[in-house]
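The structure appears below as structure tokens.
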Amino acid sequence: MPGTLEAKIELVTGGSSGIGLAVAQRFAREGAFVFVTGRRKNELEKAAKLIAPESAAIQADVANLADLDKVYQEIKQRKGRLDVLVANAAGGTFAPLGATSEEHFDQTFDSNV
């Protein structure tokens, strides 16, 4: 339904590929201005071109509080508000339970929670 999200401002974390990119594209088709975040600059730039001319890519790591502040400031400066947040960024590595370190746990928790 084109126009369902007309004039909405949306943020999709982890929006440079996969499910996040698909969600961002759908939101844009429905009329939203979409911000996407991701850690890899090249992938973000490609994603922004695939989403819509009226979209913005912000390089940021959701596990980094300073990066989250940067994302908030850019959205506030460019659009003044945020209507929808899709917390899609996630990741992790596998390790046997006995081999999981505190650092491994912190890294997984920080990026997924």
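Under the 4.5 Å side-chain contact rule for hydrophobic residues, Phe33 and Leu50 do not share a cluster. A continuous path of ILVMFWY side-chain contacts below 4.5 Å connects Leu85 to Ile9, so both sit in one hydrophobic cluster. Cluster annotation: Leu82 and Tyr72 are assigned to distinct hydrophobic clusters (Ile/Leu/Val/Met/Phe/Trp/Tyr, side-chain heavy-atom contacts under 4.5 Å, transitive). Both Val86 and Val34 belong to a single network of hydrophobic side chains, linked directly or stepwise wherever heavy atoms of I, L, V, M, F, W or Y lie under 4.5 Å apart.
A distance of 10.5 Å separates CG in Asp61 from OG1 in Thr13, rounded to the nearest 0.5 Å. Note that CG of Leu21 and NZ of Lys46 are 12.0 Å apart. Values are rounded to the nearest 0.5 Å. Remark: Glu10 CD to Ser55 OG distance equals 12.0 Å, nearest 0.5 Å. A distance of 7.0 Å separates CG of Leu44 from OG1 of Thr37, quoted to the nearest 0.5 Å. Note: Ile58 CD1 to Gln73 CD = 11.0 Å, rounded to the nearest 0.5 Å.
For Lys8, the NZ atom is loosely surrounded, since the number of other residues' heavy atoms within 6.0 Å does not exceed 12. The number of heavy-atom neighbours closer than 6.0 Å to CD1 of Ile19, taken from other residues, nucleotides and ligands shown, is 12 or below.
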Working for side chain to side chain contact (heavy atoms under 4.5 Å, CB included), residues Ile51 and Phe27: CA-CA 9 Å; Ile51 296 166; Phe27 285 171; over 6 Å; no
Evaluate Val62 against Leu68 for side chain to side chain contact (heavy atoms under 4.5 Å, CB included), listing each step before the verdict. CA-CA 6 Å; Val62 297; Leu68 290 177; 4.2 Å; yes
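Remark: Glu30 engages Arg26 in a salt bridge, criterion side-chain N to carboxylate O under 4.0 Å.
Between Ser16 and Arg40 the shortest side-chain heavy-atom distance falls below 4.5 Å. Here the side chains of Val23 and Asn88 are not in contact, with every heavy-atom distance at 4.5 Å or above.
Here the closest heavy-atom approach between residue Ala7 and residue Asp83 is recorded as O-OD2, 3.9 Å.
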